[in-house]
Amino acid sequence: NAKQRPLQNITSRFTMETIHRRNRQTPSNAAGASNTCNGASSQPPRVERRSYGPPIKARPTTENPYTATTTLADVVLLRSIQFMLSLAAVWFLYLVVAINSPSLDANPSMPENNGSNDGVYGEGSNLLRGPSSLPKNIATLDPNDFSTTREKITQLRMEFYKRYGGETAAKAMLGRGLRTFESKSGNAKNGKSSVRSTADRFLSAIVRHESFTSSSSSSEQPEFVMAFAGYSVTVGRGNHLEQSYPFILEGILTPILKSPPLGIKLTVRNSAIGGIPSFPYGWCLSNFLGEDADLVSWDYGMNEGNGASGLESYVRQALMMPKSPPLFVLLDMKRPRLDLLQKYVDMGALPDPIALAGRDAVDKKLLELPEVERPTGLRKWNEWGAPKGAPGQSPWHPKKMEHELMGWMLAMRMLDALDVALEEMEDDTNWRSELLERQQHQSHGSAEVFLPAPVTDVSKTGAASLLHGSALKTDKSKWHMNHISCRTSFLPNISGDLKSIVQSGVTKYEEDMLQTRDDSLFNLGWVMDVGKLERDTKLKVQKYGGLGYIDMKTALYGIPSSGTLKLWLPYEGHAANQHLPASQYYSGVVLCEVNEKRGDDECNMMSDLAFRVGDVVVPTSKILQVKGVASYLKKEICIFVDTPEGAKLSYQSDKETGRFGLAVEVSVTGARVSIENGACSISHVIWENQ
């Protein structure tokens with residue numbers, strides 16, 4: 001040990017000398033050397049040189065970390081702490097800059113949920129609210145673009161005034177023909193006016209595009225989708241399809257929306273179908289209008305009297321669409337329906353609905369003037385757009401110039417909203433952040449869509465939960481609606497074709513629906529066909545070049561010899577457990593026939609059809625007529641088939657990995673059913689996913 005001690009002493013002193021040398025001031029750094037910790041600066045401690053000698057005993061305490069008792073591990077630890085504190089300081093400075101910079105405000109705070117239960121919010125509003133954070137790369141706006149686009153808007157307003165008798169007369173016409181709604185109860189979203197809410201829709205389209213598309217890698221534009229529903233009025237019967245008011249609106253707005261700084265692509269869909277009620281169409285809005293619809297319309301007033309029950313059920317279906325709540329347009333001015341929309345505005349469910357009229361907006365004195373003295377928009381008022389004699393030229397259908405008036409009036413409202421949008425973009429550099437904050441406040445932070453309590457009573461319809469949803473057990477003021485699936489053969493159909501759920505029992509599909517089917521085909525299975533009235537009408541239209549119409553009421557037709565039609569309805573809800581009875585997933589199935597009147601001996605769905613659901617025969621007591629909401633010319637066209645006890649689920653492939661669903665078999669049992677009298681038909685299949 002004595003021999004080893006000199007070597008230990010030398011090693012110990014060499015290590016300490018190395019540590020001390022790292023902290024010793026030199027002529028080159030004596031003036032400015034410092035240790036930094038949280039921005040503080042201090043001179044390094046003075047190190048006492050020791051002569052070589054016996055090992056130094058450890059002191060019980062020390063005030064200076066760089067003493068003889070310091071080890072290499074101590075130094076590494078201290079340096080690590082200094083490094084971490086430096087990083088924390090840099091991160092703090094970054095946060096300070098980010099909070100005070102609009103361009104870096106990537107995640108604005110969400111207001112607290114104040115417990116209010118008004119309106120529609122949650123998952124179903126995601127597409128309307130847009131992304132939860134802002135994009136980092138946003139193109140700089142050119143101030144000249146604002147003045148240029150505003151000038152275009154002004155020119156369109158001047159054109160409207162000129163077309164309809166001058167500014168005073170035109171504004172009076174607009175006041176009679178277009179109705180907007182403001183909240184009377186204080187439940188308006190963030191206290192916004194309806195025009196501000198519409199402006200936010202256009203701004204949301206821009207923010208969604210900026211967030212989900214890189215401006216440097218894509219030339220696509222933001223898109224705003226207006227999808228119009230209804231029947232023959234909206235289709236434009238008696239005129240060309242392109243002369244209907246939705247496409248008049250498109251022609252007016254497209255140049256404005258595509259202009260910078262908006263740069264929005266306008267997509268207009270006229271998905272109306274002549275001669276139908278609001279249901280079952282209302283259960284299939286995504287099928288006909290598309291899940292990307294920003295605007296949804298209703299035009300079924302001539303078929304549904306003065307009541308508002310069908311309208312409310314339709315509105316509630318629209319509120320369940322992805323971009324909820326949509327901009328809702330009512331082509332009707334009947335008081336009960338206006339009151340219904342006002343109530344949904346007051347409850348906070350619809351922020352900016354619009355009611356639109358046609359001929360009733362016109363000052364009759366102007367129409368009494370000689371043709372050459374009338375305003376240009378009222379000339380040729382009684383002329384159709386299609387050649388004389390074309391189908392649909394009936395007194396209750398709007399003529400060409402009336403469609404133009406409706407398109408112009410609706411355009412004026414949209415231009416008001418675009419003016420507000422431009423003002424916000426120009427005057428407020430934080431408009432994106434404030435828009436997101438308003439939309440997040442609207443959602444209340446909820447992950448589920450809730451509806452307000454309904455106004456009308458549909459308890460006796462036989463399909464109440466599919467029409468209005470049901471109240472929550474914990475809060476009767478909040479209503480919830482399960483996802484409703486639809487498959488239909490009616491056209492135009494964007495998604496969810498009836499063919500997709502057919503397993504067997506159908507003969508070969510014919511491409512030309514206007515070709516008369518041979519009776520022998522019906523002995524081989526159900527046949528995709530159209531009714532006699534539909535075929536005759538379409539053939540007449542063909543003589544005039546088709547007039548651009550795209551709607552058609554096709555359906556599967558069957559007679560007793562057609563055999564069994566087998567359908568398979570996939571479960572499209574959110575339940576994870578697949579081991580419960582089928583009735584826990586499917587309350588039942590709604591089947592609807594083509595709305596056509598064919599005589600007293602035509603097929604009766606209630607008595608001439610037999611059903612097997614989930615491999616169990618459905619007793620007649622479990623087959624109910626849907627009443628009051630799905631009717632045309634006083635004929636009820638839908639039935640509700642209850643899921644029987646013991647019904648089983650089935651699987652497309654392996655039970656553990658494949659999709660599960662419900663098998664439905666339909667057969668015609670009525671002996672009197674024939675092609676001549678009127679075969680049974682199925683055009684819509686609807687089910688509620690529980």
Side-chain angles (χ1 to χ4, degrees), residues 231-232 273-281 300 302-305 307 310 391-392 394 396 460-463 488-490 498 505 513-514 516-523 525-540 552-565 589-611 618-642 666-686:
Y231 54 175
S232 54
I273 302 174
I276 64 169
S278 57
F279 282 84
Y281 191 106
Y300 303 96
M302 288 193 299
N303 178 67
E304 302 189 9
S394 305
W396 54 85
K460 298 180 180 180
T461 61
T488 177
S489 56
F490 276 17
L498 182 61
M513 287 292 106
L514 299 183
T516 303
R517 304 292 189 260
D518 190 280
D519 290 356
S520 61
L521 282 176
F522 290 84
N523 297 324
W526 290 63
V527 179
M528 185 65 73
D529 200 2
V530 296
K532 183 180 184 304
L533 179 60
E534 181 78 359
R535 177 177 284 110
D536 291 345
T537 302
K538 294 300 183 186
L539 289 174
K540 290 179 182 179
M552 185 175 292
K553 297 190 286 286
T554 61
L556 287 173
Y557 287 81
I559 57 177
S561 60
S562 300
T564 301
L565 173 65
V589 181
V590 173
L591 296 101
C592 303
E593 62 181 325
V594 176
N595 48 295
E596 53 189 349
K597 199 76 172 178
R598 298 170 295 179
D600 296 335
D601 293 329
E602 67 175 333
C603 172
N604 185 318
M605 297 185 78
M606 287 286 292
S607 58
D608 292 329
L609 292 177
F611 299 93
V618 181
T620 56
S621 61
K622 295 293 185 179
I623 304 174
L624 307 174
Q625 188 78 62
V626 177
K627 298 179 180 180
V629 67
S631 63
Y632 187 76
L633 299 177
K634 298 183 179 180
K635 176 187 176 181
E636 307 288 0
I637 61 174
C638 295
I639 61 173
F640 179 83
V641 181
D642 197 6
V666 187
S667 57
V668 181
T669 57
R672 67 176 182 173
V673 176
S674 65
I675 300 173
E676 294 76 17
N677 293 334
C680 296
S681 67
I682 296 177
S683 59
H684 300 72
V685 179
I686 297 104

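Position 1 is the first residue of the sequence, and the numbers go up from there.
The side-chain heavy atoms of Tyr557 and Trp526, taken from C-beta on, include no pair separated by under 4.5 Å. Arg672 has its side chain within reach of Asp608: a pair of non-hydrogen atoms, C-beta onward, lies under 4.5 Å apart. The shortest distance between side-chain heavy atoms of Val685 and Leu498 falls below 4.5 Å. Residues Ile276 and Phe490 form a side-chain contact, since some pair of their non-hydrogen atoms from C-beta on lies under 4.5 Å apart. The shortest side-chain heavy-atom distance between Phe640 and Thr461 does not fall under the 4.5 Å cut-off. Between Lys538 and Val530, every side-chain heavy-atom pair lies at or beyond the 4.5 Å cut-off. You'll find the side chain of Val666 reaches within 4.5 Å of the side chain of Leu609, heavy atoms only. Between Val618 and Ile623, some side-chain heavy-atom pair lies under the 4.5 Å cut-off.
In this structure, a donor-acceptor pair under 3.5 Å is absent between the side chains of Glu593 and Ser683. Judged by distance alone, the side chains of Ser674 and Asn677 do bring a donor and an acceptor atom under 3.5 Å apart.
The two residues Glu534 and Met552 make their nearest non-hydrogen contact at OE2-CA, 3.4 Å. Of all heavy-atom pairs spanning Val629 and Gly310, the tightest one is CG2-CA, 4.4 Å. Shortest non-hydrogen contact noted between Gly558 and Val673 is O-CG1, 4.3 Å. Smallest separation of non-hydrogen atoms from Cys638 and Gln625: O-NE2, 2.8 Å. Closest heavy-atom contact between Ser489 and Ile682: OG-O, 4.2 Å. Contact between Met605 and Ser681 at its shortest, heavy atoms only, is CE-O, 4.2 Å.
Look at Lys532 and Asp536 and you find a salt bridge, because one of the NZ, NE, NH1 or NH2 atoms lies within 4.0 Å of a carboxylate O, short of that distance.
For Arg535, the side chain to side chain donor-acceptor pair (under 3.5 Å) partners at least two apart in sequence or on another chain are Asp529. By the ring pair (Phe, Tyr, Trp, His ring centres under 6.0 Å) test, Tyr231 pairs with Tyr300, sequence neighbours left out.
The line from CZ of Phe279 to CD1 of Ile686 is 9.5 Å long, rounded to the nearest 0.5 Å. Going from atom CG of Leu633 over to atom CD1 of Ile637 covers 10.0 Å, rounded to the nearest 0.5 Å.
Applying the side-chain hydrogen bond (donor to acceptor under 3.5 Å, both in side chains) test to residues at least two apart or on different chains, the pairs with a partner in residues 630-642 are Glu602-Lys635.
Remark: the backbone N or O of Glu676 is not paired with any side-chain donor or acceptor of Arg598 at under 3.5 angstrom.
Of the residues Leu521, Val527, Ile559, the one that meets the side chain to side chain contact (heavy atoms under 4.5 Å, CB included) test with Ile675 is Ile559.
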